[in-house]
Amino acid sequence: GQHIFPFYYQPASLLYFAPLLALGYEAAAVVMLVANHLLLPVVLLLSGRVAARLRHGGALVLLVALAYHSQGVLINILSGQINLVITALV
């Protein structure tokens, strides 16, 4: 069978992800994959240290491209983790 890891986040964050239960595992994984791809530039743009330096769209594109080369970011996105979603919500 498939190993499912425990949920380590605040219980209130479950409310945001409960609707994914209706989709089934594979569809929910696709939703999380798309959400993570869409939220990566948002999280980078909203980051306090980065936002002050990103006045040009080209800088954001470069930063997103570099972030995709980060092993931690890739693992989070490809394994359907909720870290970027939680970060964007905070």
Side-chain angles (χ1 to χ4, degrees):
Q2 188 173 351
H3 179 73
I4 298 176
F5 294 96
F7 195 76
Y8 292 111
Y9 298 94
Q10 296 293 328
S13 64
L14 288 171
L15 296 174
Y16 294 107
F17 301 101
L20 294 175
L21 291 171
L23 299 178
Y25 179 81
E26 289 161 358
V30 170
V31 168
M32 289 304 300
L33 180 68
V34 171
N36 279 322
H37 281 294
L38 294 175
L39 288 173
L40 180 61
V42 172
V43 168
L44 292 174
L45 187 61
L46 294 177
S47 173
R49 290 177 283 176
V50 175
R53 297 182 184 161
L54 291 179
R55 301 272 183 219
H56 306 285
L60 178 60
V61 171
L62 177 63
L63 190 58
V64 170
L66 290 173
Y68 273 109
H69 288 305
S70 163
Q71 183 178 7
V73 170
L74 284 176
I75 289 171
N76 273 294
I77 289 174
L78 296 177
S79 62
Q81 297 295 310
I82 64 169
N83 298 328
L84 286 172
V85 177
I86 296 291
T87 302
L89 291 172
V90 171

Quiz item: If you take all heavy atoms of V85 and A35, which pair is closest and at what distance?
Solution: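 Between these two residues, the closest heavy atoms are CG2-CB, 4.4 Å.
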
Please check if [X] and [Y] belong to a single hydrophobic cluster, counting links between Ile, Leu, Val, Met, Phe, Trp and Tyr side chain heavy atoms closer than 4.5 Å.
{"X": "Y16", "Y": "M32", "result": "yes"}
{"X": "L40", "Y": "L33", "result": "yes"}
{"X": "L23", "Y": "F17", "result": "yes"}
{"X": "L74", "Y": "L38", "result": "no"}

Quiz item: Would you say N36's side chain and Q81's backbone share a donor-acceptor pair under 3.5 angstrom?
Solution: yes

